[in-house]
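Chain identifiers are assigned alphabetically (A, B, ...) following the order of the sequence lines, protein sequences preceding nucleic acid strands; residue numbering begins at 1 within each chain.
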Amino acid sequence: MEFTIDFTKEQIESIEEILQKELIDLGVQSVILMDLAGNVIVNLDSGESDHDVFSLAALAAGNYGAVSAMANIIGEQEFSLLFHKGEEESIHFSKVVDDLLLLTIFNKNVSLGFLRLKVGEAIKRIQSLI
Amino acid sequence: MALINPKKREVQVKIVYYGPGRGGKTTNLEYINRKFKKRILNEMVTVKTYGDRTLFFDFLPFDIGEIKGHSIKIQLYTVPGQVKYNATRRLVLRGVDGIVFVADSMDLRREMNIRSLQNLKENLEAFNKNMSNIPLVMQYNKRDLSDEGIPILSVDTLEKDLNSQLKAPYFSASAIRGDNVAATMKKIIALTVSSLRKKLE
Ligand SMILES: Nc1nc2c(ncn2[C@@H]2O[C@H](COP(=O)(O)OP(=O)(O)O)[C@@H](O)[C@H]2O)c(=O)[nH]1
Ligand SMILES: [Mg+2]
């Protein structure tokens with residue numbers, strides 16, 4: 001059997017620390033680091049929400065794959081920004097490395113620009129760990 | 001590509017129900033969802049088009065307890081069977097650990113079963129996987145139809161058409177009645193998890 005990137009306990013702890021400091025502590029409600037098979041690798045939240053993360057990850061993997069396929073059809077490698085805006089809460093997706101996505105759920109108290117900046121920083125730090 | 005989280009001691013295993021459109025994949029998951037309600041912590045997710053067909057996939061997470069100190073989370077998926085949805089089928093197959101092939105026993109569906117299995121083989125190859133060494137269970141579904149006088153394929157014929165080389169374990173089933181739905185699922189989980197055991201030592 002093959003595995004996706006194997007994470008050690010230490011790697012997971014370091015990733016959790018990065019996501020906590022860069023995102024949760026700044027007001028983001030929930031972050032999920034996942035692979036494109038729909039597996040949840042790390043999941044943190046601020047304690048305000050109780051989302052079904054496994055279903056979210058399954059749908060996010062499908063959604064990301066579908067949007068990438070759309071990009072290919074119109075001749076793009078990929079769309080760099082994937083963002084779904086809601087009344088109260090929004091979802092932002094970002095690719096970390098080939099097979100990994102970072103999904104963030106945030107509300108009106110966090111601006112998209114700020115979120116993108118922070119997600120970018122978190123991703124850089126995670127990339128250096130794996 | 002089961003995912004192991006050494007911190008939470010948790011393993012996520014992906015099992016995909018594959019087969020021709022209208023063969024009974026979604027019905028298998030719906031039955032499991034009802035029958036094992038206690039072990040299913042979240043709602044079944046289905047992405048449907050008008051007319052109740054699976055557009056994207058169905059998804060059902062399922063806890064089976066602990067193995068070697070790891071809690072095992074089974075993620076059951078179905079693919080859309082209709083020919084035109086091949087791109088989505090491929091997406092769902094990404095990272096698959098085990099497959100149930102749900103064949104339709106109706107006489108009329110003979111060609112469609114064969115084509116769907118061929119399509120599975122090709123889609124696995126796109127991920128550098130070989131159908132003959134991935135855990136696989138065959139399910140010959142809709143056996144109940146013979147009671148209504150609807151002509152169905154014999155198990156021998158289905159075995160010859162689909163399983164003569166693969167020699168995968170197989171079940172005659174009726175997803176609508178629930179016959180052998182749990183047995184099929186238990187078998188694929190057992191095969192898939194046993195291929196994982198070494199990794200968990
Ligand atoms: N008679 C009979 N009908 C079935 C059985 N399993 C599924 N069906 C019916 O076949 C149709 C397609 O089933 P569905 O689960 O949606 O197929 P899918 O496209 O493979 O997901 C539905 O009308 C089901 O009620 C079965 O075991 N026996
Ligand atoms: Mg279906």
Novice: Which answer fits A/Val42, side chain, backbone, both or neither, if we ask what part of it has an atom under 4.5 Å from a heavy atom of chain B?
Specialist: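 Answer is neither: A/Val42 stays 4.5 Å or more from chain B.
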Novice: Can you name the residues that form a side chain to side chain donor-acceptor pair (under 3.5 Å) with B/Glu125, not counting sequence neighbours?
Specialist: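 Testing B/Glu125 for side chain to side chain donor-acceptor pair (under 3.5 Å), a comparison that skips the adjacent residues, returns none.
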Novice: Between A/Glu10 and chain B, which part of the residue has a heavy atom less than 4.5 Å away: side chain, backbone, both or neither?
Specialist: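 No part of it gets close to chain B.
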Novice: Identify which part of A/Ser68 has an atom lying under 4.5 Å from any heavy atom of chain B, answering side chain, backbone, both or neither.
Specialist: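 Neither part.
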Novice: Check whether B/Asn163 reaches the backbone of B/Lys167 with its side chain - one donor and one acceptor, N or O, closer than 3.5 Å.
Specialist: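 Yes; judged by distance alone, with no hydrogens or angles, the pair exists.
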Novice: Among residues at least two apart in sequence or on other chains, which ones pass side-chain contact (heavy atoms from CB on, under 4.5 Å) with B/Asp107?
Specialist: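 Partners of B/Asp107 by the side-chain contact (heavy atoms from CB on, under 4.5 Å) criterion, ordered by chain and then number, come out as B/Pro151, B/Leu153.
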Novice: Using the ring of each side chain (for Trp, its six-membered ring), is B/Tyr18 parallel, tilted or perpendicular to B/Phe101, with breaks at 30° and 60°?
Specialist: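 Rings of B/Tyr18 and B/Phe101: parallel, under 30°.
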